[in-house]
J.: 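This is the structure I want to talk about, given as structure tokens.
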Amino acid sequence: MGRQLKFEIFRYNPERKGDVPHMQEFILDETPNMTLFIALNRLREEQDPSLIFDFCCRAGICGACAMVINGRPGLACQTKTKDQPGHIILHPLPVFKLVGDLSVDTGVWFREMYAKTESWVHTNKVFDSSKEEERMDNSVAEQIYELERCIECGCCISACGTARLRDDFMGAAALNRIARFVVDPRDERTDREYFEVIGNDNGIFGCMGLLACEDVCPKGLPLQNQLGFLRRKMGITAMKQIFRKK
């Protein structure tokens, strides 16, 4: 027979008049291979249909079920209850706008991030559909693919000390996105142009180097390497500008 799990879940629905933030306790019998996703669905189906949380793919691909699990951002669908203590405390991700209970709106943040980073290939070449696609070295394609694996769950942003303090900080997700275009040979932006986007306290120089972003990334992205790569590149670009002025 499995354990009896005690869940302590943050509850607050801003759409419900008179509702106030509070923690609510639930008791649930643990079953084999139970994930937090399964547990939350059971709680909603068996105990409280008003419980709000997000899910979509159930396979660690969409990032919708991200939440703070016993103080650590993670995906509910990837978290097995057997790896957690018998008392599980769940909060919504900080930084993002609260929709209700464990649900937050990451879409607005990421849409604004894509606009800030100008997240598209910048080129003066005119597309010709009659020509073959440009060839790319496999090693470069693999680098781009590695950085494209971000599922936009928001865990790295919620774990970031700077993002928790300042809502103008771009965060690891945005900086990782810039790194993706820096290594893309099709993008014709110069280091100076990238510097204009991230070469400030809102960008790469605002990072405190705590590296919690990489610790909680459910896809294991090499965020530490990318932040170091961009910091060196933007630092060199800044020095070139200083000596050019002299």
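In this text, all values refer to a predicted model and were calculated from it rather than measured experimentally.
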J.: Atom CG of residue position Asp167 - does it have more than 12 heavy atoms of other residues, nucleotides or ligands inside 6.0 Å?
T.: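 No, not enclosed.
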
J.: Search all heavy atoms of Cys77 against all heavy atoms of Phe37 and return the closest pair with its distance.
T.: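 Looks like CA-CB, 3.7 Å.
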
J.: Mind checking salt bridge (charged side-chain N to carboxylate O under 4.0 Å, His left out) for Glu45 and listing every partner two or more places apart, or none if nothing turns up?
T.: none

J.: Output, in order, the C-alpha distance, side-chain angles, deciding distance and verdict of side-chain contact (heavy atoms from CB on, under 4.5 Å) for Ile52 and Leu102.
T.: CA-CA 6 Å; Ile52 305 171; Leu102 301 175; over 6 Å; no

J.: Could you check whether any side-chain heavy atom of Cys160 comes within less than 4.5 Å of a side-chain heavy atom of Arg164, counting everything from C-beta outward?
T.: no

J.: Identify the heavy atoms of Gly203 and Met170 that sit nearest to each other, and give their distance.
T.: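 So the two residues come closest at CA-SD, 3.9 Å.
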
J.: How far apart are the C-alpha atoms of Arg72 and Thr79, what are their side-chain angles, what is the distance that settles it, and do they pass the side-chain contact (heavy atoms from CB on, under 4.5 Å) test?
T.: CA-CA 11 Å; Arg72 182 184 179 91; Thr79 304; over 6 Å; no

J.: Mind checking the SG-CG spacing from Cys62 to Asp54? Nearest 0.5 Å is all I need.
T.: 9.0 Å

J.: Same cluster or not: Ile69 versus Phe26, using hydrophobic residues (I, L, V, M, F, W, Y) connected whenever any side-chain heavy atoms lie under 4.5 Å apart?
T.: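 Looking at the clustering, Phe26 is in the same group as Ile69.
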
J.: On a heavy-atom basis, which atom in Leu175 and which in Phe169 lie closest, and how many Å separate them?
T.: CD1-CZ, 4.5 Å

J.: Could you check whether any side-chain N or O of Gln241 sits under 3.5 Å from a backbone N or O of Ala238, counting only pairs where one atom can act as donor and the other as acceptor?
T.: no

J.: Could you check Glu193 against Val197 for side-chain contact (heavy atoms from CB on, under 4.5 Å), going step by step and ending with a plain yes or no?
T.: CA-CA 7 Å; Glu193 290 174 304; Val197 179; over 6 Å; no

J.: Short question: side chain of Gln224, backbone of Leu211 - any donor-acceptor pair under 3.5 Å?
T.: no

J.: Supply the atom-to-atom distance Ile204 CD1 to Leu227 CG, rounded to the nearest 0.5 angstrom.
T.: 5.0 Å

J.: First locate atom OG1 of Thr117, then atom CD1 of Ile198, and finally report the distance between them rounded to the nearest 0.5 Å.
T.: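 Between atom OG1 of Thr117 and atom CD1 of Ile198 there are 10.0 Å.
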
J.: Would you please classify the geometry between the Trp120 ring and the His122 ring as parallel, tilted or perpendicular, with 30° and 60° separating the classes?
T.: parallel

J.: I need the Glu152 CD to Ile157 CD1 distance, nearest 0.5 Å.
T.: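 Glu152 atom CD to Ile157 atom CD1 measures 10.5 Å (nearest 0.5 Å).
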
J.: Under a single-linkage definition using a 4.5 Å side-chain heavy-atom cutoff for Ile, Leu, Val, Met, Phe, Trp and Tyr, are Met67 and Leu5 assigned to the same hydrophobic cluster?
T.: yes

J.: Would Leu230 end up clustered with Phe195 when hydrophobic side chains under 4.5 Å apart are linked, directly or stepwise?
T.: yes

J.: Looking at Glu146, is its backbone amide N or carbonyl O close enough to the side chain of Lys219 to form a donor-acceptor pair, meaning the two atoms are under 3.5 Å apart?
T.: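 No, the answer is negative, given that no donor and acceptor are paired below the 3.5 Å cut-off.
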
J.: Checking Ser158 side chain against Pro94 main chain: does a donor-acceptor pair fall under 3.5 Å?
T.: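 Yes, Ser158 side chain to Pro94 backbone: donor-acceptor pair under 3.5 Å.
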
J.: State whether the side chain of Arg166 and the backbone N or O of Asp201 hold a donor-acceptor pair below 3.5 Å, judged by distance alone.
T.: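 Yes, the answer is positive, given that a donor and an acceptor are paired below the 3.5 Å cut-off.
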
J.: Can you tell me if Glu15 has over 12 outside heavy atoms packed within less than 6.0 Å of its CD?
T.: no

J.: Is there a side-chain contact (heavy atoms from CB on, under 4.5 Å) between Asn33 and Lys80? Walk through the geometry before answering.
T.: CA-CA 7 Å; Asn33 299 314; Lys80 290 192 174 183; 3.8 Å; yes

J.: Side chains of Val182 and Phe229: closer than 4.5 Å at any heavy-atom pair?
T.: yes

J.: Does Glu8 reach the main-chain N or O of Met23 with its side chain, forming a donor-acceptor pair under 3.5 Å?
T.: no

J.: Report whether Phe110 and Ile61 are members of the same hydrophobic cluster (ILVMFWY, side-chain heavy atoms less than 4.5 Å apart, transitive linking).
T.: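 Phe110 and Ile61: separate clusters.
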
J.: So does Gln4 get a backbone contact from the side chain of Asp29, meaning a donor-acceptor N/O pair under 3.5 Å?
T.: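 Checked: no pair found.
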
J.: Salt-bridged, Arg135 to Glu132, with N to O below 4.0 Å?
T.: yes

J.: If you draw a 6.0 Å radius around CG in Asn138, do more than 12 non-hydrogen atoms from other residues or ligands fall strictly inside?
T.: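 Atom CG in Asn138 is not crowded, with 12 or fewer foreign heavy atoms closer than 6.0 Å.
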
J.: Below 4.5 Å, heavy atoms only, C-beta onward: do Asp184 and Met136 meet side chain to side chain?
T.: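 With C-beta onward as the side chain, the pair touches.
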
J.: Has the side chain of Tyr194 got a donor or acceptor atom that lies under 3.5 Å from a matching backbone atom of Phe181?
T.: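 Such a contact is found between Tyr194 side chain and Phe181 backbone.
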
J.: Is it the case that the side chain of Thr81 and the backbone of Met34 share a donor-acceptor pair, with hydrogens and angles ignored and the cut-off at 3.5 Å?
T.: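 Side chain of Thr81 to backbone of Met34, a donor-acceptor pair under 3.5 Å: yes, one is there.
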
J.: With no hydrogens and no angle check, do the side chains of Ser119 and Arg177 hold a donor and an acceptor under 3.5 Å apart?
T.: yes

J.: Is it true that a side-chain atom of His22 and a backbone atom of Val20 form a donor plus acceptor pair closer than 3.5 Å?
T.: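 Confirmed, His22 side chain pairs with Val20 backbone.
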
J.: Taking all atoms of both residues into account, what is the closest heavy-atom pair of Gly161 and Met208, and its distance?
T.: C-CE, 3.5 Å

J.: Same hydrophobic cluster for Ile38 and Phe55, using side-chain heavy-atom links shorter than 4.5 Å among ILVMFWY?
T.: yes

J.: Specify whether Phe10 and His91 have parallel, tilted or perpendicular ring planes, treating 30° as the upper limit for parallel and 60° as the lower limit for perpendicular.
T.: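 Rings of Phe10 and His91: tilted, 30 to 60°.
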
J.: So for atom CZ, which belongs to Arg44, do other residues, nucleotides or ligands contribute more than 12 heavy atoms lying within a distance under 6.0 Å?
T.: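 Yes, CZ of Arg44 has more than 12 neighbouring heavy atoms, counting only those of other groups under 6.0 Å.
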
J.: Less than 4.5 Å apart, side chain to side chain, heavy atoms only: is that true for Leu221 and Leu147?
T.: no

J.: Please name the pair of heavy atoms, one in Asn13 and one in Val99, separated by the smallest distance, quoted to 0.1 Å.
T.: OD1-O, 4.3 Å

J.: Heavy-atom count check: over 12 atoms from other residues, nucleotides or ligands less than 6.0 Å from Arg231 CZ?
T.: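 Buried by this count: over 12 neighbours within 6.0 Å.
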
J.: State the CZ-CG distance between Arg149 and Asn176, to the nearest 0.5 angstrom.
T.: 9.5 Å

J.: Any heavy-atom pair between the side chains of Tyr12 and Asp19 that's under 4.5 Å?
T.: yes

J.: Say whether Arg11 and Ser50, considering side chains only, have a donor N or O and an acceptor N or O under 3.5 Å apart.
T.: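 Yes.
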
J.: Among Asn41, Ile9, Leu43, Leu90, which residue satisfies the side-chain contact (heavy atoms from CB on, under 4.5 Å) criterion with Phe53?
T.: Asn41

J.: When rounded to the nearest 0.5 angstrom, what is the spacing between SG in Cys217 and CG in Leu75?
T.: 9.0 Å

J.: Looking only at heavy atoms, which two atoms of Arg180 and Val183 are closest? And how far apart?
T.: O-CG2, 3.3 Å

J.: Would you mind reporting whether Glu46 and Leu28 have side-chain heavy atoms less than 4.5 Å apart?
T.: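 The answer is yes; the side chains approach within 4.5 Å.
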
